[in-house]
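As the structure is a computational prediction, the values presented were derived from the model and not from experiment.
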Amino acid sequence: MEVRKMFSTDRYVTRGVNEVVPIELQRMLWSILERRQERGDQLDHLQIFELSSEWVDGEPLQKVVNQQEQPFHEEVFYVDHTENLAIGVTVWIIDSGTYSTALLPEEY
């Protein structure tokens, strides 16, 4: 029997995430999880993404902090060439076992 990879099933995004997180950034959040799996990281069923901006060389970059509790992991990513920045937004991506959902904490 093959072991299912987390976050590899059907993916859903709530209305709240669609309203405040640009689609290209939503894709990047899913891509971060895919890259972590490829690296062999053990993923928790709850992934937390803190979105903010940081100025580097006079240009605003999208800053994405990915965190999980078990096992503890925290990693920072920077996204260039994003026209619409998401600032002060937290996104949870939860793997239920049968599907994965990206949502805002207040939508839980």
Side-chain angles (χ1 to χ4, degrees):
M1 184 160 115
E2 187 175 324
V3 176
R4 182 188 70 83
K5 288 184 179 179
M6 293 186 88
F7 305 101
S8 63
T9 55
D10 291 335
R11 296 174 173 180
Y12 298 95
V13 178
T14 63
R15 182 181 312 222
V17 171
N18 271 329
E19 289 175 356
V20 298
V21 180
I23 188 70
E24 67 271 8
L25 187 52
Q26 291 178 35
R27 287 188 191 117
M28 186 191 170
L29 300 182
W30 294 107
S31 175
I32 287 170
L33 296 177
E34 291 167 2
R35 278 188 267 154
R36 289 192 53 214
Q37 283 183 328
E38 289 169 5
R39 278 195 321 224
D41 291 358
Q42 182 181 349
L43 299 179
D44 190 355
H45 75 284
L46 170 61
Q47 296 292 314
I48 302 166
F49 293 90
E50 300 285 343
L51 309 177
S52 61
S53 67
E54 196 167 296
W55 287 82
V56 177
D57 296 328
E59 296 288 325
L61 294 179
Q62 179 71 62
K63 180 179 178 182
V64 178
V65 179
N66 174 219
Q67 303 169 345
Q68 70 179 40
E69 291 184 359
Q70 293 297 325
F72 178 78
H73 179 85
E74 181 172 292
E75 190 168 355
V76 178
F77 299 88
Y78 292 94
V79 184
D80 197 1
H81 306 296
T82 299
E83 295 200 15
N84 301 314
L85 299 177
I87 300 171
V89 176
T90 300
V91 176
W92 291 353
I93 298 183
I94 300 174
D95 184 307
S96 73
T98 54
Y99 58 89
S100 300
T101 306
L103 66 154
L104 304 176
E106 56 268 25
E107 296 178 303
Y108 184 72

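Atom CG of L43 is separated from atom NZ of K5 by 10.0 Å, given to the nearest 0.5 angstrom. Note: E34 CD to R39 CZ = 13.0 Å, rounded to the nearest 0.5 Å. Atom CD1 of I23 is separated from atom CG of N84 by 12.0 Å, given to the nearest 0.5 angstrom. For the atom pair OH (Y108) and OG1 (T101), the distance works out to 10.5 Å, reported to the nearest 0.5 Å. For the atom pair OG (S53) and OH (Y78), the distance works out to 10.5 Å, reported to the nearest 0.5 Å.
Side-chain contact between V89 and L104: present, with at least one pair of heavy atoms (C-beta onward) separated by less than 4.5 Å. Residues V21 and F49 have side chains not in contact (no heavy-atom distance under 4.5 Å, counting atoms from C-beta outward). Proximity of L46 to E69: side-chain heavy atoms (C-beta onward) are nowhere separated by under 4.5 Å. At least one side-chain heavy atom of N66 sits less than 4.5 Å from a side-chain heavy atom of R36. Two residues are said to be in side-chain contact when any heavy atoms from C-beta on lie closer than 4.5 Å; V20 and V91 fail this criterion.
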*CA sep, side-chain torsions, deciding dist, call: V56, D80, side-chain contact (heavy atoms from CB on, under 4.5 Å)*: CA-CA 10 Å; V56 177; D80 197 1; over 6 Å; no
- request: Mind running side-chain contact (heavy atoms from CB on, under 4.5 Å) on I94 and H45 for me, showing each step along the way?
  value: CA-CA 6 Å; I94 300 174; H45 75 284; 4.3 Å; yes
**Report entry** Residues W30, V13; criterion side-chain contact (heavy atoms from CB on, under 4.5 Å); working and verdict
**Finding:** CA-CA 11 Å; W30 294 107; V13 178; 4.3 Å; yes
Check your understanding: Do L25 and V64 pass the side-chain contact (heavy atoms from CB on, under 4.5 Å) test, and can you show the C-alpha distance, the side-chain angles, and the key distance before you say yes or no?
Key -> CA-CA 9 Å; L25 187 52; V64 178; 4.1 Å; yes
Show your reasoning for whether salt bridge (Lys or Arg N to Asp or Glu O under 4.0 Å) applies to R35 and E75. CA-CA 12 Å; R35 278 188 267 154; E75 190 168 355; over 6 Å; no
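Residue-environment remark: CD (E107) exceeds the threshold of 12 foreign heavy atoms within 6.0 Å.
Panel note: side chain Q62, backbone A86; a donor-acceptor pair is recorded below 3.5 Å. Side-chain atoms of Q37 come within 3.5 Å of backbone N or O of M6 as a donor-acceptor pair. The closest donor-acceptor contact from the side chain of D95 to the backbone of F7 lies under 3.5 Å. At distances below 3.5 Å, at least one donor-acceptor pair connects side-chain atoms of D44 with backbone N or O atoms of Q70. Counting only distance, with no hydrogens or angles, the side chain of E54 and the backbone of K63 share no donor-acceptor pair below 3.5 Å. Between the side chain of E24 and the backbone N or O of R27, no donor-acceptor pair lies under 3.5 Å.
Side-chain contact, Q26 with N18: a donor N or O sits under 3.5 Å from an acceptor N or O.
Following chains of ILVMFWY side-chain contacts shorter than 4.5 Å, one cannot reach I48 starting from L51, and the two form parts of different hydrophobic clusters. In the hydrophobic cluster analysis, where Ile, Leu, Val, Met, Phe, Trp and Tyr join through side-chain heavy atoms closer than 4.5 angstrom, L33 is grouped together with M28.
Scored by the side chain to side chain donor-acceptor pair (under 3.5 Å) test, E50 finds T90 as partners (sequence neighbours excluded).
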